[in-house]
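When a residue number appears, it is its place in the shown sequence, counting from 1.
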Amino acid sequence: SVRERRWVWDTDIISRVDITDDVCELLSVKMIGLSEKTQAALKISSCFGTTVNSTIIKTLTSASALLQTFQKELNKAVDDGFMDKDDLGSTYTFVHDKVREAAYGLIPEEDRNRFHYNIGMLLYNTIDGESIDGILFFMVDQINHGTSYLSSKKRITMAGLNHGAASKAVGNSNFAAAFFYSNAAMRLLPENHWESHYDLSRKIFLVLGNAAYSYGRIAEATSALDDILKHGKSLKDKLSAYYLKIALLHT
């Protein structure tokens, strides 16, 4: 729009059009013309999908002096027509998936896992125990991109956080997500985890068995429950696995 001096998108029309890679590249070129701070805000936002909510914005803004103007830069992205914000000004959304894709494309492919990981660790190092629940999924999703950067000690911490995300997903009846997070937690455990981290292992494998069973992944459920029955130290520790195993036998 010449009058408004910004890109104005007709989202109803855009949603019905298959935007080509050429248009996506054109968007990237226009984004490169923005200030470095606005580009950074777009890149960070793109890592969370199409929408960035107030909890993420608040946490990131308080995480680093470099991000204190994060919301201000998001407002510039709105002014430039790349994002919309809700009436409260607390949630920002890319105006189209291809716009988000163009923003994500500003991050070199070889740097993306590290970029996600750095965002996740910023969230982790900023959030306190009482408020972690509101940002748990976002934080874990980012860190899971860069598990190769974790120290052995941090791997256990992140295994616990993935377990927490899996348990929360089960509580929300989102068994696909619970299955994903439980598997992520399991992969973060060391080889001798039943000896070195028995309680955490039992909890992870039980949620994995429950999530896999509810998600229809019977083989994975059976494997997880068999591990608990093999390594469990007492009947009490094995009881929930026995109940689930009986349920599996009736499927």
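Atom CD of Glu36 has 12 or fewer heavy atoms from other residues, nucleotides or ligands within 6.0 Å. Surrounding OH of Tyr149 are more than 12 heavy atoms belonging to other residues, nucleotides or ligands, all under 6.0 Å away. Counting heavy atoms of neighbouring residues, nucleotides and ligands inside a 6.0 Å radius, atom CZ of Phe115 exceeds 12 of them. Other residues, nucleotides and ligands contribute only 12 or fewer heavy atoms inside 6.0 Å of the NZ atom of Lys58. Surrounding OH of Tyr215 are at most 12 heavy atoms belonging to other residues, nucleotides or ligands under 6.0 Å away. Within a 6.0 Å radius of NZ in Lys37, no more than 12 heavy atoms belonging to other residues, nucleotides or ligands are found.
Of all heavy-atom pairs spanning Ser45 and Phe70, the tightest one is OG-CZ, 3.8 Å. Here the shortest heavy-atom pairing between Phe205 and Ala224 reads O-CB, 3.6 Å. For the residue pair Met121 and Lys154, the shortest heavy atom distance occurs at CE-CE, 3.7 Å. For Thr61 against Gln68, the heavy-atom pair with the smallest separation is CG2-O, 3.5 Å.
Considering Asn162, Asp141, Asn174 in turn, Asp141 is the only one that fulfils the side chain to side chain donor-acceptor pair (under 3.5 Å) rule with Tyr181.
A cation-pi geometry, defined here as NZ or CZ lying under 6.0 Å from the six-membered ring centre and within 45° of its normal, holds between Arg100 and Tyr104.
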